[in-house]
A.B. asks: 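Pasting in a structure now, in structure tokens, and then I'll have a few things to ask.
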There are 2 protein chains.
Amino acid sequence: MTRKDRERMAREELILEHARRLLLSQGFQGFSLDDLAKAIEYSKGTIYLHFQSKEDLALAVATAALKERADLFERAVRFRGKSRERARAIGFACCHFMVAYPEFFSVEMMMKSQSFWEKASEARRQANSMQAGRTFRAMMEVVHAGFESGDLPRDRMAAEHIAIAMASVTVGSHIMSQVPEMRLLAGIDDSILIVRQNQDLLLDGMQWSPLLAEYDYQATDFRIRDEIFPEATWFPGH
Amino acid sequence: MTRKDRERMAREELILEHARRLLLSQGFQGFSLDDLAKAIEYSKGTIYLHFQSKEDLALAVATAALKERADLFERAVRFRGKSRERARAIGFACCHFMVAYPEFFSVEMMMKSQSFWEKASEARRQANSMQAGRTFRAMMEVVHAGFESGDLPRDRMAAEHIAIAMASVTVGSHIMSQVPEMRLLAGIDDSILIVRQNQDLLLDGMQWSPLLAEYDYQATDFRIRDEIFPEATWFPGH
DNA sequence: AAATATATTGACCCTCGGTCATAAAGGTAG
DNA sequence: CTACCTTTATGACCGAGGGTCAATATATTT
């Protein structure tokens with residue numbers, strides 16, 4: 001790798017850093033490439049030497065964040081314990097990510113919209129896809145561990161559908177617990193608590209042993225924090 | 001109400017109709033007020049006599065749709081049966097709405113961003129709030145029916161949190177089952193099935209009797225369709 | 001019919017994503 | 001060091017689209 005290549009990569013990092021900051025503080029619509037150009041002290045044209053469109057840039061930012069989440073998931077899966085405890089560790093990882101990047105969710109939501117993807121480059125779409133695959137595989141690993149240990153009934157649902165269900169309840173709970181309207185109607189003060197409660201309900205619904213009522217999961221939470229996420233500054237239920 | 005008022009209302013209806021069509025077919029970013037002006041055969045300025053911004057207009061469209069959903073929820077709650085069957089009827093209503101307005105979800109997603117709301121008028125925000133309240137109250141009614149019949153344990157969760165959980169799993173499942181990435185990874189072909197499966201898991205997790213395995217809910221589905229939503233052109237699991 | 005009040009318009013402004021001719025910087029040969 | 005060529009960076013410019021308002025058309029009153 002030549003000096004040129006290294007300089008180019010360093011500048012791409014610089015752009016991504018500032019883009020991330022502006023994107024999270026102003027939202028996709030709110031942040032302008034003129035502002036970004038001013039912040040990085042390069043011209044707007046230079047940005048386009050790295051990214052083919054505003055969407056392409058936003059996707060790169062999102063993918064970098066998704067990679068961090070995938071890292072957290074893979075760490076979570078390494079937790080030593082019962083399969084449901086490992087599933088719980090993934091839930092912990094999700095919440096940890098929520099706390100660390102509270103503004104990131106709106107960017108991820110915006111990416112669900114139709115017109116977004118077709119304006120991004122194929123290379124960046126693939127990069128995103130790869131990170132999404134890592135998170136999915138992490139969940140699948142735990143599901144299979146559940147099957148093999150006999151803690152999770154095999155006959156009720158396909159492994160993929162169980163993984164989808166885990167992701168769904170997490171995403172949905174996060175969204176609903178952030179909507180001001182809902183916070184008011186339901187008297188929510190702690191989003192994390194809602195997310196984790198709903199994850200518990202779902203896993204109980206799958207008959208994933210040991211059920212919430214049969215086991216001391218608070219002890220598990222302490223172990224997850226201490227052994228896997230010592231950097232966490234928060235704790236479930238507090 | 002004078003003739004003027006009636007003419008004004010009729011024109012607002014006309015604008016909303018076309019705005020809805022364009023919004024759903026092009027997305028929020030895609031649809032332009034110039035196109036809308038051309039479609040309704042009034043000038044752009046006239047649109048601004050009714051709506052204070054593009055966001056305000058989109059919110060009005062969204063609120064009209066939300067009202068239809070609230071209507072469906074209130075019909076669902078009137079289902080005569082066990083409390084969990086009535087909860088299931090609400091789930092049915094949600095899916096019915098999904099099928100009837102498949103494109104509406106992206107509009108609703110876009111509304112979750114905060115920058116959206118501050119550009120809409122207070123009056124329209126309140127109108128939306130009111131419809132959201134109706135859907136929430138419908139869910140709460142069923143939850144309380146569950147408490148009172150003893151089918152739903154009282155001590156595990158607050159009624160509001162149960163309602164939030166129901167909404168969360170539905171929204172989350174809808175989102176996840178629409179993401180092309182996920183459809184590929186998990187081999188999904190029927191979104192509705194995913195949504196309903198996950199709703200079932202959640203209600204089972206709450207110990208809302210009778211549990212899925214203890215009861216013939218297919219018969220319930222038929223009754224819901226025949227008695228409450230005879231206009232439905234689809235059926236769960238098919 | 002004239003005067004006044006109300007309703008409607010579309011040319012215009014501004015911001016912003018995206019482009020490209022031009023200029024600056026970097027490299028090479030004599 | 002100079003002349004020439006290649007690569008890289010720039011910012012003026014473009015078109016699209018949201019939003020405004022002085023001017024115009026329509027309706028109502030006197």
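Bear in mind that the values here come from a model prediction, so they are computed numbers and not experimental data. Chain A is the first sequence line, chain B the second, and so forth, proteins listed ahead of strands; every chain is numbered from 1.
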A.B. asks: Measure the distance from OH on B/Tyr48 to P on C/dT9 and round it to the nearest whole Å.
C.D. replies: 15 Å

A.B. asks: Output yes when at least one side-chain N/O atom of B/Ser43 is less than 4.0 Å from OP1 or OP2 of C/dG10, else no.
C.D. replies: no

A.B. asks: Rounded to whole angstroms, how far apart are CG on A/Leu49 and C1' on D/dT10?
C.D. replies: 10 Å

A.B. asks: Looking for any heavy atom pair under 4.0 Å, which part of the strands does A/Phe31 touch: base, sugar-phosphate only, or nothing?
C.D. replies: sugar-phosphate

A.B. asks: Using heavy atoms to find the nearest nucleotide of DNA chain D for B/Arg3 and A/Lys4 separately, return the residue whose nucleotide is more 5′.
C.D. replies: A/Lys4

A.B. asks: Does B/Arg11 make a side-chain N or O approach to OP1 or OP2 of C/dA7 shorter than 4.0 Å?
C.D. replies: no

A.B. asks: Round to the nearest Å and state the distance from B/Leu33 atom CG to C/dT9 atom P.
C.D. replies: 15 Å

A.B. asks: State yes or no: are the ring centers of A/Phe79 and A/Phe92 separated by less than 6.0 Å?
C.D. replies: no

A.B. asks: Does a donor on one side chain sit under 3.5 Å from an acceptor on the other, for A/Ser173 and A/Arg196?
C.D. replies: no

A.B. asks: Let me know the distance between NZ of B/Lys44 and C1' of C/dC14, rounded to the nearest Å.
C.D. replies: 12 Å

A.B. asks: To the nearest Å, give me how far apart CD (A/Gln29) and P (C/dT15) are.
C.D. replies: 17 Å

A.B. asks: Figure out the CG/C1' separation between A/Asp35 and D/dG11, and round it to whole Å.
C.D. replies: 16 Å

A.B. asks: Just checking A/Glu41: does its CD atom have more than 12 heavy atoms from other residues, nucleotides or ligands closer to it than 6.0 angstrom?
C.D. replies: no

A.B. asks: Between D/dG18, C/dG18, C/dG27, spot the one nearest the side chain of A/Ser53, thanks.
C.D. replies: C/dG18

A.B. asks: Any side-chain N or O of A/Arg8 under 4.0 Å from OP1/OP2 of D/dT7?
C.D. replies: no

A.B. asks: Quick check on DNA chain C: between A/Gly30 and A/Gly45, whose nearest nucleotide comes earlier from the 5' end?
C.D. replies: A/Gly30

A.B. asks: So, does the side chain of B/Lys54 form a donor-acceptor pair with the base of D/dG17 at under 3.5 Å?
C.D. replies: no

A.B. asks: Rounded to the Å, how far apart are B/Gln26 CD and D/dG18 C1'?
C.D. replies: 16 Å

A.B. asks: Please determine if A/Lys38 and A/Asp34 form a salt bridge, counting it only when a charged side-chain N lies under 4.0 Å from a carboxylate O.
C.D. replies: no

A.B. asks: So does B/Thr46 get a side-chain nitrogen or oxygen closer than 4.0 Å to the phosphate oxygens (OP1/OP2) of C/dT9?
C.D. replies: yes

A.B. asks: B/Leu36 has an atom CG; how far is it from atom P of D/dA16, in whole Å?
C.D. replies: 19 Å

A.B. asks: Checking all strands, does A/Ser32 fall into the base, sugar-phosphate, or nothing category for heavy-atom contacts under 4.0 angstrom?
C.D. replies: sugar-phosphate

A.B. asks: Given side chain to side chain donor-acceptor pair (under 3.5 Å), test B/Glu103 with B/Ser25 step by step and report yes or no.
C.D. replies: CA-CA 8 Å; B/Glu103 307 304 332; B/Ser25 67; over 6 Å; no

